[in-house]
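Working notes, structure below.
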Amino acid sequence: MMTAIFKHVRPRTEVAPIYSDNELKSLPMPVLVVVGAKDVTIDTLVVQKRALDLIPKVAVHCLDEAGHYLGNQANFIDNFLRRK
């Protein structure tokens with residue numbers, strides 16, 4: 001699977017951006033944050049708390065058994081996008 005990923009996907013090699021509190025507070029649209037509880041690349045508890053504290057229209061979904069790879073979320077994301 002990793003061979004296929006690196007053949008067809010250009011992975012991000014730079015550090016992911018960290019948005020300011022003001023930038024997050026100013027987001028007018030609904031935002032879905034999906035994290036894996038066992039992700040070793042980020043502190044998911046900090047990400048979840050910051051999102052809940054700062055983003056006005058946020059939904060946070062934590063996958064208890066997932067790490068950094070968050071596969072099989074198409075139905076969940078589709079439901080989020082379709083809600084009013």
Side-chain angles (χ1 to χ4, degrees):
M1 183 170 120
M2 294 305 293
T3 301
I5 289 171
F6 285 110
K7 180 178 179 183
H8 300 287
V9 177
R10 192 178 120 273
R12 176 182 281 186
T13 55
E14 67 275 357
V15 175
I18 298 176
Y19 297 99
S20 73
D21 290 0
N22 286 336
E23 288 174 311
L24 294 176
K25 287 178 185 177
S26 70
L27 294 173
M29 75 296 277
V31 174
L32 174 61
V33 175
V34 182
V35 295
K38 297 180 179 180
D39 191 332
V40 297
T41 65
I42 60 171
D43 186 333
T44 57
L45 293 177
V46 170
V47 170
Q48 292 176 80
K49 181 175 180 351
R50 192 158 182 253
L52 289 167
D53 289 348
L54 298 173
I55 303 171
K57 297 177 185 177
V58 71
V60 175
H61 183 55
C62 181
L63 302 166
D64 293 332
E65 298 303 315
H68 189 68
Y69 172 71
L70 305 172
N72 302 317
Q73 296 304 303
N75 287 336
F76 187 82
I77 294 167
D78 187 55
N79 288 335
F80 173 80
L81 294 172
R82 290 177 186 274
R83 72 179 190 182
K84 294 182 180 185

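Side chains included, hydrogens not; waters and symmetry mates left out as well; all remaining heavy atoms used.
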Could you pull out every donor-acceptor pair under 3.5 Å between side chains of residues 1-9 and any protein atom, sequence neighbours left out?
none

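To the nearest 0.5 Å, atom NZ of residue Lys49 and atom CG of residue Asp53 are 3.5 Å apart.
Screening residues 54-66 for side chain to side chain donor-acceptor pair (under 3.5 Å) gives Lys38-Glu65 as the qualifying pairs, with residues at least two apart or on separate chains. Here ring-ring contact (aromatic ring centres under 6.0 Å, His included) pairs that include residues 22-56, with residues two or more places apart or in two chains, number zero.
Residues that satisfy the side-chain hydrogen bond (donor to acceptor under 3.5 Å, both in side chains) test with Asp21, not counting sequence neighbours, are Arg50. Partners of Glu23 according to the side-chain hydrogen bond (donor to acceptor under 3.5 Å, both in side chains) rule, which considers only residues two or more places apart in sequence or in another chain, are Ser20. The side-chain hydrogen bond (donor to acceptor under 3.5 Å, both in side chains) search around Asp78 returns Arg82, not counting sequence neighbours. Residues satisfying the side chain to side chain contact (heavy atoms under 4.5 Å, CB included) criterion with Asp43, sequence neighbours excluded, are Leu45, Val46.
Side-chain contact between Arg83 and Asn79 is absent, with no heavy atoms from C-beta onward closer than 4.5 Å.
With a 4.5 Å cut-off between side-chain heavy atoms of Ile, Leu, Val, Met, Phe, Trp and Tyr, the cluster of Val35 takes in Tyr19, Leu24, Leu27, Met29, Val31, Val33, Ile42, Val47, Leu52, Leu54, Ile55, Val58, Val60.
Across all non-hydrogen atoms, the minimal contact from Leu32 to Phe76 is CD1-CE2, 3.7 Å. The minimum heavy-atom distance between Ala66 and Tyr69, with the atom names listed, is CB-O, 4.0 Å.
Counting heavy-atom neighbours within 6.0 Å of Ile18 CD1, excluding the residue itself, gives a total of 12 or less.
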